[in-house]
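Working notes for the structure below.
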Amino acid sequence: MLIQEYGPLKGQMLQIMDENGVIQKPHLVPELSDQEWLELYKAMLLTRSADNKALQLQRQGRMLTYAPNTGQEAAQVGPAAAMGKQDWLVPAFRELGAWLHRGVDLKTVYLYWYGNEYGSHFAEGVKVLPIAVPIGTQVHHAVGIAMASSIKGEDDVTVTYIGDGGTSTGDFSEALNFAGVFNAPVVFIVQNNQYAISVSRQKQTKAETLVQKAVAAGIPGILVDGNDLFAMYAAAKDAIDRARLGGGPTLIEAYTYRLGAHTTSDDPTKYREDSEVAEWQPKDPLLRMKAYLINKGVWSEEQDAALSDEYGEYALAVFREVEEEGDPQLEDLFKYNFREMPAHLREQYEQYVQYLEGKVK
Amino acid sequence: MLIQEYGPLKGQMLQIMDENGVIQKPHLVPELSDQEWLELYKAMLLTRSADNKALQLQRQGRMLTYAPNTGQEAAQVGPAAAMGKQDWLVPAFRELGAWLHRGVDLKTVYLYWYGNEYGSHFAEGVKVLPIAVPIGTQVHHAVGIAMASSIKGEDDVTVTYIGDGGTSTGDFSEALNFAGVFNAPVVFIVQNNQYAISVSRQKQTKAETLVQKAVAAGIPGILVDGNDLFAMYAAAKDAIDRARLGGGPTLIEAYTYRLGAHTTSDDPTKYREDSEVAEWQPKDPLLRMKAYLINKGVWSEEQDAALSDEYGEYALAVFREVEEEGDPQLEDLFKYNFREMPAHLREQYEQYVQYLEGKVK
Amino acid sequence: MALMNLITAINHTLDLAMAQDESVVVFGEDVGLEGGVFRATVGLQEKYGQQRCFDTPLAESAIVGSAIGMAVNGLRPVAEIQFSGFVYPAFNQIISHVARMRNRTRGQRTLPLVIRMPHGGGIRALEHHSESLDTFFGHIPGLKVVVPSTPYDAKGLLLAAIRDDDPVMFLEPSKIYRAFRQEVPEEDYTIPIGKAKVLKPGTDLTVVSWGAYIHEVLKAEQILQEEGIDLEIIDLRTISPIDRDTIIESVQKTGRFVVVHEAARSFGPGAELITLVNEGAFLHLEAPPTRLAGFDITIPLPRGEHHYFLDAQRIANGIRQVAHF
Amino acid sequence: MALMNLITAINHTLDLAMAQDESVVVFGEDVGLEGGVFRATVGLQEKYGQQRCFDTPLAESAIVGSAIGMAVNGLRPVAEIQFSGFVYPAFNQIISHVARMRNRTRGQRTLPLVIRMPHGGGIRALEHHSESLDTFFGHIPGLKVVVPSTPYDAKGLLLAAIRDDDPVMFLEPSKIYRAFRQEVPEEDYTIPIGKAKVLKPGTDLTVVSWGAYIHEVLKAEQILQEEGIDLEIIDLRTISPIDRDTIIESVQKTGRFVVVHEAARSFGPGAELITLVNEGAFLHLEAPPTRLAGFDITIPLPRGEHHYFLDAQRIANGIRQVAHF
Ligand SMILES: Cc1ncc(C[n+]2csc(CCOP(=O)(O)OP(=O)(O)O)c2C)c(N)n1
Ligand SMILES: Cc1ncc(C[n+]2csc(CCOP(=O)(O)OP(=O)(O)O)c2C)c(N)n1
Ligand SMILES: [Mg+2]
Ligand SMILES: [Mg+2]
């Protein structure tokens with residue numbers, strides 16, 4: 001078990017493929033075919049393309065606020081791919097790669113960042129919770145979902161995400177502790193992208209690693225190179241399998257970097273050096289994986305460029321649909337607060353409709 | 001430094017004097033004279049006597065709810081004695097031994113459990129915060145006080161208490177983390193008395209020890225036999241000295257046992273076996289310390305019985321004062337919400353006074 | 001039928017709900033082994049096992065937050081908060097998620113959960129054990145808020161709450177947990193959430209109250225009846241959504257309105273009711289609609305708390321002034 | 001004098017307060033190095049050092065809880081919460097301690113602290129970035145709650161808040177952070193907390209509002225003025241304690257009352273104001289006192305938020321009905 005070697009206090013970080021796309025720990029490479037790895041790379045590429053498109057659209061004033069995830073694709077696609085079909089995903093708010101891989105439509109994602117509640121309404125059967133904006137809150141939901149699975153005697157596993165900033169919230173510790181006490185089949189993935197808006201990881205906690213926070217709850221943890229798809233897949237698979245067999249929760253720290261801004265409202269040059277970003281650029285999870293696949297002979301720069309364009313066009317087409325859909329129905333703002341609209345709410349709605357009609361005539 | 005040997009993950013518990021009152025680690029005995037140890041023993045005895053008296057009075061219907069601390073005296077008096085005159089104490093709610101030793105009048109304590117707000121108003125210069133009933137909240141105050149000391153360049157240290165149950169609150173983790181980040185001169189003492197009302201320590205967390213929660217915040221910690229006055233004094237002194245010199249926070253787990261009920265509203269036989277209590281009885285911190293002092297020839301059973309009676313009478317006399325003081329002034333209920341009573345509050349007060357007067361005539 | 005007090009009625013109702021529906025789970029601090037500090041859950045762990053009735057660590061945010069997850073994943077959680085004064089750590093979960101998940105997901109994720117807690121004071125308890133949270137919860141769009149005043153109502157309302165597909169805050173007036181017993185049918189029945197109850201019809205003045213205070217109002221009614229003042233008394237039962245129609249109909253008839261509540265006066269629930277009366281019965285008003293409420297102070301410790309709470313005398317006094325306006 | 005918008009006025013005021021009083025410290029998430037996500041604290045860390053202006057870890061309960069400790073130990077902390085929607089984790093500290101420490105200790109431990117936060121919506125932001133918390137804070141005994149509506153007022157009120165020996169919740173309408181600039185004197189001045197301001201005297205109807213909405217009310221006034229309706233407009237400025245006298249005097253004169261607020265309608269701040277008007281000017285009322293308020297729904301995401309917020313047209317429409325009652 002990986003935990004033995006890469007546990008919270010081992011001072012080791014699990015890396016299978018190095019920064020040049022060379023496999024360093026062949027015995028740890030998960031048993032997927034080259035074709036399957038290629039598919040996961042494509043999932044990362046789609047994520048990157050959709051991300052870039054969103055940023056571009058935002059600059060054009062067509063998308064609202066957007067939280068880019070460039071640089072974090074492996075930390076998202078790896079675990080998503082390691083999940084079983086029946087498993088639950090409980091995201092924070094920056095997990096595009098995981099959403100898409102777990103079956104959330106890109107259109108839904110774009111609707112969200114476009115400012116439409118339907119962006120949190122997923123297709124039937126997609127076991128993903130909506131974005132949780134208040135940092136730290138979602139991990140409780142994940143634990144509760146996992147507890148319910150145990151109580152019902154089902155073997156679904158729940159995977160949840162949180163940021164490095166999120167690990168300072170009391171909610172994070174409480175949730176780890178609950179998960180430990182109830183032996184909940186849940187995997188916590190901390191995307192340590194080194195920043196919480198402008199606050200660096202060093203200012204967030206004196207702990208040397210974030211994974212060592214698992215010790216407080218008495219649960220296992222593992223520190224992983226979050227930009228290594230192989231390592232992220234392997235660690236997540238290990239934790240998910242263990243959870244499914246009744247082994248309880250695991251904390252995974254995905255050590256990565258937010259290459260872009262916090263959101264489109266943020267200007268990272270105010271709080272970090274370009275040189276720091278430049279150091280992380282070559283560690284880009286896509287570059288590595290592409291190098292690996294090209295080396296393996298199953299992919300080429302040409303194919304890559306073409307697919308990237310294709311995804312970009314696809315993303316644009318999806319966004320056009322979102323734009324065409326326009327604003328939500330007025331009634332929708334009132335309709336979903338309760339199963340049945342209470343009298344006072346109906347009255348507020350109807351009076352407003354009357355007002356709008358009066359205004360129109 | 002003790003932390004080296006008894007740190008969070010060493011699996012060792014600091015014990016200097018064993019359960020029979022025999023010193024096992026002479027080199028670790030803090031440098032106090034026999035007379036000074038005797039004084040600390042007396043402080044524990046006073047605590048025990050005041051506790052017993054409160055329980056007795058409560059059974060007579062004269063005291064309201066009371067939270068006994070029998071069995072936890074060493075965990076309270078030890079650290080209180082290790083503090084400097086200028087240091088702050090931020091209690092939870094079961095720290096009678098610490099309050100008394102830090103200069104809180106027994107009368108004030110009794111006023112509190114008698115249901116009078118003056119029980120949270122201490123004599124001038126007593127640097128103790130009132131009881132914090134909402135579990136976990138007080139540790140933030142302690143960190144803030146300590147941060148202020150640093151900011152002002154003063155070298156006061158803050159000591160704060162929390163229970164084993166309290167370590168599950170998000171507040172506890174947040175506070176440890178803040179303390180670490182700001183290198184705050186604060187010492188957290190977890191009184192692990194094995195229960196949070198009916199919930200046993202084992203159900204509170206999967207962590208093997210509570211002190212290992214320090215790891216999450218990257219701060220030092222030490223597990224201590226909470227019924228050993230020598231060990232509690234030594235650990236606290238070590239941590240306080242380090243904090244005063246700029247070494248930052250420490251977490252101390254005082255491993256102890258609540259020999260009595262949670263409060264006078266609680267019936268512990270509902271959730272624990274008598275045999276368990278019986279096992280802990282001989283570990284009583286007073287028994288041990290008394291044995292030590294008698295062995296040393298500075299104390300005797302006779303003196304002990306006499307002093308215990310004396311303290312009991314003293315406590316009763318203090319309580320009579322409390323009873324005689326009667327109910328608080330009506331105006332006091334309104335007067336202290338703000339520096340100046342706002343108009344609406346004054347009106348509410350005056351109307352009520354009018355009502356009362358009207359009723360009387 | 002059996003004689004039950006409020007707490008035994010709640011215990012009986014939880015038992016019934018758990019027996020009928022496997023998805024009902026009950027948890028909180030001291031809820032399992034001990035059966036709750038007020039003994040609302042006594043016997044349930046023994047009967048239904050540790051999977052369905054259990055103790056949690058001391059963490060209210062986690063209690064409510066995990067209840068959300070359980071509700072998402074097919075259970076009907078009934079979480080206990082030990083006292084209303086300890087629910088604040090869970091406010092983030094309650095406001096940000098409990099109340100909003102349905103709307104956020106446009107109806108896709110519903111949260112059939114109940115959060116129970118002892119509510120209000122008058123039990124000579126320590127600080128924070130006496131808080132009234134009507135306004136806080138009432139002001140949050142997306143929550144239903146219920147306060148029963150009798151064992152019979154508690155059963156019917158709690159069963160309705162557990163079966164409701166939306167989250168319900170169930171506030172139990174701790175002062176009357178054991179105050180009196182009442183015949184409560186063993187069988188299944190529900191009382192609709194959102195409906196007030198006219199406890200006593202009358203012609204001169206409408207009084208609205210709920211929870212423990214209803215019983216003081218009923219005593220005040222006796223005093224005033226002798227003086228020839230005929231009150232119409234309404235037990236609100238649901239704080240949100242408020243049953244406006246029942247109240248407004250009543251005030252249109254009586255022309256006078258008094259609301260009696262334990263919570264602090266300013267921004268309290270009385271303000272909402274008075275405003276509803278203004279909105280629905282302004283032209284019928286013969287006297288200023290009036291609130292008899294807690295002072296705007298922190299609830300005093302036991303030695304002073306009797307000043308805070310309204311008794312029948314004070315209530316009668318307040319109502320009398322409005323009746324004679 | 002210098003031209004300032006609301007956010008620059010706040011920045012200038014914090015600077016002034018820190019320069020004058022060493023005990024003033026400023027902190028919160030992104031407050032130090034970056035100078036705040038809205039740039040309210042920009043330049044302060046550079047000028048006063050990391051000890052007096054600093055970033056905290058992401059933990060609102062700890063931010064407020066440690067502020068309490070700092071206030072106990074001789075500082076005057078000014079804590080920033082990044083958005084009002086993220087203050088809920090700190091509710092326990094605010095309700096249980098910030099508001100109660102003075103009373104609990106019978107005046108011995110006072111908490112001279114300020115908790116600042118952007119407040120309300122209309123900035124096309126994500127979920128939780130648009131919440132109005134007037135009622136929540138207003139209902140808590142022991143808190144003062146201030147909402148400025150102009151750069152000039154922001155400075156005077158913030159200085160008053162920082163110098164106040166009691167805790168003040170300082171709610172900054174983020175919609176107008178950069179909406180307009182105004183001459184703000186460089187020198188020291190305070191505006192008393194607890195005093196409303198008559199922005200425009202009038203004879204026909206009293207309108208009370210505050211924060212960003214005041215500016216919509218002023219626009220509505222123009223519309224109605226043309227129709228011959230003469231409004232008296234009051235900027236409440238302090239939500240708690242409310243300046244009743246100013247409002248009641250006004251309503252006694254005009255006989256008509258409208259309160260306009262952004263928060264959800266039910267149990268909202270309008271209910272309190274209407275109740276105060278009932279209590280103080282019932283016999284002068286010529287029309288039902290009325291609230292124009294947010295719907296009882298979760299504030300919609302940007303594509304729907306325009307429906308939630310009241311603009312001058314809707315406000316004028318609502319006032320018109322009361323004027324013609
Ligand atoms: C409780 C809470 N406080 C503050 C915020 C504002 N905020 C949004 S994102 C963020 C930083 C989050 O950092 P991290 O957890 O590392 O996630 P990342 O943005 O790096 O993905 C903050 C402070 C929030 N959303 N919730
Ligand atoms: C936030 C909160 N939740 C619940 C309670 C009710 N309560 C009072 S004491 C207690 C148990 C505390 O256990 P622990 O921290 O171990 O302290 P001990 O009582 O053992 O000294 C509980 C649950 C509370 N006071 N505060
Ligand atoms: Mg981050
Ligand atoms: Mg304990």
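Chain identifiers are assigned alphabetically (A, B, ...) following the order of the sequence lines, protein sequences preceding nucleic acid strands; residue numbering begins at 1 within each chain.
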**Message:** Between C:N103 and chain D, with a heavy-atom cut-off of 4.5 Å, which part of the residue counts as in contact: side chain, backbone, both or neither?
**Reply:** side chain

**Message:** Between C:R104 and chain D, with a heavy-atom cut-off of 4.5 Å, which part of the residue counts as in contact: side chain, backbone, both or neither?
**Reply:** side chain

**Message:** Less than 4.5 Å to any heavy atom of chain D: does that hold for the side chain of C:A90, its backbone, both, or neither?
**Reply:** neither

**Prompt:** How are the rings of C:F325 and D:F282 set relative to one another: parallel (under 30°), tilted (30 to 60°) or perpendicular (over 60°)?
**Reply:** perpendicular

**Complete:** Under a 4.5 Å heavy-atom criterion, the part of residues 295-302 of chain D in contact with chain C comprises D:D296, D:I297, D:T298

**Complete:** Between the OG atom in D:S96 and the CD atom in C:E131, the distance rounded to the nearest 0.5 Å is 6.5 Å

**Message:** If we check ring pair (Phe, Tyr, Trp, His ring centres under 6.0 Å) with D:F91, which of these qualifies: C:Y88, C:F91, C:F86?
**Reply:** C:F91

**Asked** At a heavy-atom separation under 4.5 Å, does C:E127 approach chain D through its side chain, its backbone, both, or neither?
**Response** side chain

**Request:** Decide yes or no on side-chain contact (heavy atoms from CB on, under 4.5 Å) for D:H139 and C:H139, but give the supporting numbers first.
**Result:** CA-CA 11 Å; D:H139 187 50; C:H139 186 50; over 6 Å; no

**Asked** When rounded to the nearest 0.5 angstrom, what distance separates OG1 in D:T275 from CG in C:N278?
**Response** 7.0 Å

**Item:** Side-chain heavy atoms of C:I242 within contact of D:F267, under 4.5 Å
**Value:** yes

**Fill in**
Separation between CZ (C:R100) and NE2 (D:H128), nearest 0.5 Å, reads 5.5 Å

**Message:** For the CG atom of C:L285 and the CG atom of D:L285, what is their distance to the nearest 0.5 Å?
**Reply:** 9.5 Å

**Complete:** Applying a strict 4.5 Å limit to non-hydrogen atoms, the region of D:I239 in contact with chain C is both

**Message:** Can you confirm whether D:S266 sits close enough to C:E272 that some side-chain heavy atom of one is under 4.5 Å from a side-chain heavy atom of the other?
**Reply:** yes

